[in-house]
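Here the structure is laid out as structure tokens; the discussion comes afterwards.
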Amino acid sequence: MDSDEQAASALTEAVVASFAGAADARTREVLEAVVRHAHALVRELRLTREEWRQAVDHLTAVGQACDDTRQECVLLSDVLGISSLVEAVNGEPEGTAGTVLGPFHLTDSPVRALGDSIDLVGTGTPCVVTGRVTGPDGAPVSGASVDVWQCDEHGFYDVQQPEVQPTGNGRGLFTADAEGRFRFRTVVPSPYPIPTDGPVGRLLNASRRHPYRPAHIHLIAAAPGFRTLTTHLFVADSPYLDSDAVFAVKPALVVDFAEIDDPEQAARHGVTAPFRHADFDVRLVLDDPGEGSE
Ligand code: BEZ
Ligand code: FE
């Protein structure tokens, strides 16, 4: 090791040691690892002053782009695959796979009754979503809450188009019945680009990455005594399933949105034929009493 490397290594150790007094052991462990990995990155890349200045400018712009309806920090974590990696390392093999929350769960979903429509506009392809929430043993979770949100048939969430879409369009908070069943009416969501008019968009553009996400419906299922599950249903025939801009697709979450051209079935669901039907069961795992409910 030459003397420059020795000095750099001593610097890393000094910074790590500066956190030794952190009151919480996990906080100390995380901070030490952040310092070691960040210092190793600078060494490996021999990062120049100009490159570090650009990185700081970019992070500053990411922070400044956030407001009440926009979460650019989450978006950055998503396009770097960090949100999906956090999901992967916290996966529950016995339960339904989780995936990223995304930045559009910004407003409380309107409380709706089972069978209600979350589509307040009525111009897209009618769609019915049904499913059942169970525990790890397959027993129904009666009264589970099922919070869903999605973009419209043009690929926009209500919060992106406050002048065009009524607030709450594409959103609903449902309570599963005694058998854990839920159902709602909607329109088939469209693939859409994540927001590209900010610093994360500039990052994608500079890397010639496309910004599209495959069509999906977000879902959070929760019930006392169970781990809250945040996931998506992906539309099986959607483009971009193999190149999601935020790396969130998991095979078990790709669901057939079957085309049904049967007026009787349509009438039973309160829609017009032809319509699409997705059936998606949710298996929750028991909460870890040590960690408390999320
Ligand atoms: C979404 O699906 O709403 C989303 C997820 C990650 C980044 C952008 C949007
Ligand atoms: Fe989404």
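By convention here, the first residue in the shown sequence is residue 1. Numbering of ligands and ligand atoms starts at 1, following listing order.
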Ligand 1 atoms in contact with [X] (distance to a heavy atom under 4.0 Å):
{"X": "V246", "answer": "6 (C), 7 (C)"}
{"X": "L75", "answer": "7 (C), 8 (C)"}
{"X": "H216", "answer": "1 (C), 2 (O)"}
{"X": "G102", "answer": "4 (C), 5 (C), 6 (C)"}
{"X": "Y157", "answer": "1 (C), 2 (O), 3 (O)"}
{"X": "H218", "answer": "1 (C), 2 (O), 3 (O)"}

Distance to 0.1 Å, residue and atom name: give those for the protein heavy atom nearest to [atom].
{"atom": "atom 7 (C) of ligand 1", "answer": "D78 OD2, 3.2 Å"}
{"atom": "atom 9 (C) of ligand 1", "answer": "P103 CD, 3.3 Å"}
{"atom": "atom 3 (O) of ligand 1", "answer": "Y192 OH, 2.8 Å"}

Test of understanding: given a 4.0 Å heavy-atom threshold, classify the contact between V74 and ligand 1 as side chain, backbone, both, or neither. neither
Spacing of [atom1] belonging to [X] relative to [atom2] belonging to [Y], to within rounding of 0.5 Å:
{"X": "T186", "Y": "N169", "atom1": "OG1", "atom2": "CG", "answer": "8.0 Å"}
{"X": "W52", "Y": "L47", "atom1": "CH2", "atom2": "CG", "answer": "7.5 Å"}
{"X": "L114", "Y": "F174", "atom1": "CG", "atom2": "CZ", "answer": "7.5 Å"}
{"X": "R112", "Y": "R171", "atom1": "CZ", "atom2": "CZ", "answer": "10.5 Å"}
{"X": "L59", "Y": "Q54", "atom1": "CG", "atom2": "CD", "answer": "12.0 Å"}

Going by heavy atoms in the side chains, are Q160 and F104 under 4.5 Å from each other? yes
The Fe ion (ligand 2): protein N, O or S atoms [distance under 2.8 Å]: Y157 OH, Y192 OH, H216 NE2, H218 NE2
Do you see a donor-acceptor pair shorter than 3.5 Å between the side chains of H218 and H216? yes
T130: which of R181, H277, H269, R183 passes side chain to side chain donor-acceptor pair (under 3.5 Å): H277
R276: which of V129, V235, V271, V128 passes side chain to side chain contact (heavy atoms under 4.5 Å, CB included): V235
Would you tell me which option among V100, V79, I194, L101 has the nearest heavy-atom contact to atom 8 (C) of ligand 1? I194
List the steps, then state whether ring pair (Phe, Tyr, Trp, His ring centres under 6.0 Å) holds for F234 with H232. CA-CA 6 Å; F234 290 97; H232 293 17; 5.0 Å; yes
Under the side-chain contact (heavy atoms from CB on, under 4.5 Å) test, residues paired with E92 that sit two or more places apart: R227, V285
